[in-house]
Enquirer: 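Sharing a structure below in structure tokens format, with a few things to ask.
Here the structure is a predicted model, which is why all the values come from computation and not from measurement. Indexing begins at 1, ligand by ligand and atom by atom, following the structure's order.
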Amino acid sequence: MKIAIMGAMPEEIAPILEKVKEYKTIEYAGNRYYEASYKGVELVIAYSKIGKVFSTLTATTMCAYFGAQKLLFSGVAGAISSKLKVGDLIVATKLAQHDLDISAFGHPFGYVPEGAVYVEADKELIGLAKEVAKEMGKPLQEGIIATGDQFVADEKRKNWIGKTFHADALEMEGASVAVVCDALDVPFFILRAISDAADMDASFSFDEFLETSAVESAEFVMKMVDKLVC
Ligand code: 3QA
């Protein structure tokens with residue numbers, strides 16, 4: 001089995017590379033991919049760079065070029081739900097693109113013809129995550145994640161996204177990764193640890209908590225890999 005572990009920023013995959021210790025670096029399409037063998041399974045690890053376009057490229061490469069059969073995303077997110085505080089973990093049940101807008105033609109936000117507003121994540125992987133959370137004694141929230149090419153640092157924008165998509169958290173890569181995996185029939189899982197509240201203090205909070213929250217998420221994802229292996 002080959003499993004892809006993806007992040008958007010170097011900080012999001014650093015704890016994973018630390019854990020696998022030995023890996024081979026492959027350059028492809030302007031990015032670095034790290035191949036490792038871990039407890040008998042093959043891993044391909046990469047950060048895409050920020051946003052929907054780069055994450056689409058990386059997710060596609062991991063699945064279509066490297067042949068990953070499952071994709072686990074690990075990273076940080078801005079909270080929309082007041083139940084999510086810095087460091088808390090959220091797993092996406094489904095994802096939407098909050099900045100995809102042809103509403104001028106009467107279509108709902110996030111929708112384009114032949115697409116869908118939401119892409120659903122793999123239920124088995126979410127089930128596995130619940131087991132992991134229980135074993136670790138860590139609270140894990142489930143919810144809708146909204147994705148767009150925008151670092152949201154504005155209460156009004158955040159509330160609009162929350163209301164329009166019933167979203168609990170927001171980030172910049174999940175929904176594009178979801179579209180790729182759905183199209184290529186690769187089960188996927190998007191996990192995020194909260195780094196900020198997407199409000200006027202978001203950039204400061206993000207800078208302060210990026211590393212620690214990225215570690216929270218990465219540790220959980222590696223526990224998922226351990227479970228998938230046995
Ligand atoms: C944005 C990162 C991108 O990969 C999405 C973090 C956390 N809080 C968010 C928010 N709005 C949107 N997304 C997020 N990730 C970081 S840009 C700063 C880069 O600094 C999730 C996320 N409020 C680089 C150094 O200058």
Enquirer: Say whether S55 and S176, considering side chains only, have a donor N or O and an acceptor N or O under 3.5 Å apart.
Expert: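 Checked: S55/S176 side chains pair up, N/O donor to acceptor below 3.5 Å.
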Enquirer: Can you give me a line-by-line list of nitrogen or oxygen pairs between ligand 1 and the protein shorter than 3.5 Å?
Expert:
{"from": "ligand 1", "atom 1": "4 (O)", "to": "E173", "atom 2": "OE1", "distance (Å)": "3.4"}
{"from": "ligand 1", "atom 1": "4 (O)", "to": "E173", "atom 2": "OE2", "distance (Å)": "2.6"}
{"from": "ligand 1", "atom 1": "8 (N)", "to": "G78", "atom 2": "N", "distance (Å)": "3.3"}
{"from": "ligand 1", "atom 1": "8 (N)", "to": "D196", "atom 2": "OD1", "distance (Å)": "3.4"}
{"from": "ligand 1", "atom 1": "8 (N)", "to": "D196", "atom 2": "OD2", "distance (Å)": "2.6"}
{"from": "ligand 1", "atom 1": "11 (N)", "to": "V152", "atom 2": "N", "distance (Å)": "2.9"}
{"from": "ligand 1", "atom 1": "23 (N)", "to": "V152", "atom 2": "O", "distance (Å)": "2.8"}
{"from": "ligand 1", "atom 1": "23 (N)", "to": "D196", "atom 2": "OD1", "distance (Å)": "3.0"}

Enquirer: May I have the list of side-chain donor-acceptor pairs in residues 140-149 shorter than 3.5 Å, sequence neighbours left out?
Expert:
{"from": "Q141", "atom 1": "NE2", "to": "K83", "atom 2": "O", "distance (Å)": "3.0"}
{"from": "E142", "atom 1": "OE2", "to": "K130", "atom 2": "NZ", "distance (Å)": "3.2"}
{"from": "T147", "atom 1": "OG1", "to": "E171", "atom 2": "OE1", "distance (Å)": "2.8"}
{"from": "T147", "atom 1": "OG1", "to": "G174", "atom 2": "N", "distance (Å)": "3.4"}
{"from": "T147", "atom 1": "OG1", "to": "A175", "atom 2": "N", "distance (Å)": "2.8"}
{"from": "D149", "atom 1": "OD1", "to": "K52", "atom 2": "N", "distance (Å)": "2.8"}

Enquirer: Please identify each residue that fulfils side-chain contact (heavy atoms from CB on, under 4.5 Å) with A96, with sequence neighbours left out.
Expert: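 Partners of A96 under the side-chain contact (heavy atoms from CB on, under 4.5 Å) test: V117, Y118, F165.
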Enquirer: Assess whether a salt bridge exists between K49 and E173, defined as any Lys/Arg side-chain N lying under 4.0 Å from an Asp/Glu carboxylate O.
Expert: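 Answer for the salt bridge query: no.
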Enquirer: Do T61 and N31 meet the criterion of a side-chain donor-acceptor pair at a distance under 3.5 Å?
Expert: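 No, N31 and T61 have no side-chain donor paired with an acceptor closer than 3.5 Å.
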Enquirer: Indicate every side-chain donor-acceptor pair of residues 220-230 with a distance under 3.5 Å to a residue at least two apart or in another chain.
Expert:
{"from": "D226", "atom 1": "OD1", "to": "Y38", "atom 2": "OH", "distance (Å)": "2.7"}
{"from": "D226", "atom 1": "OD1", "to": "K39", "atom 2": "NZ", "distance (Å)": "3.0"}
{"from": "K227", "atom 1": "NZ", "to": "E135", "atom 2": "OE1", "distance (Å)": "3.2"}
{"from": "K227", "atom 1": "NZ", "to": "E135", "atom 2": "OE2", "distance (Å)": "2.6"}

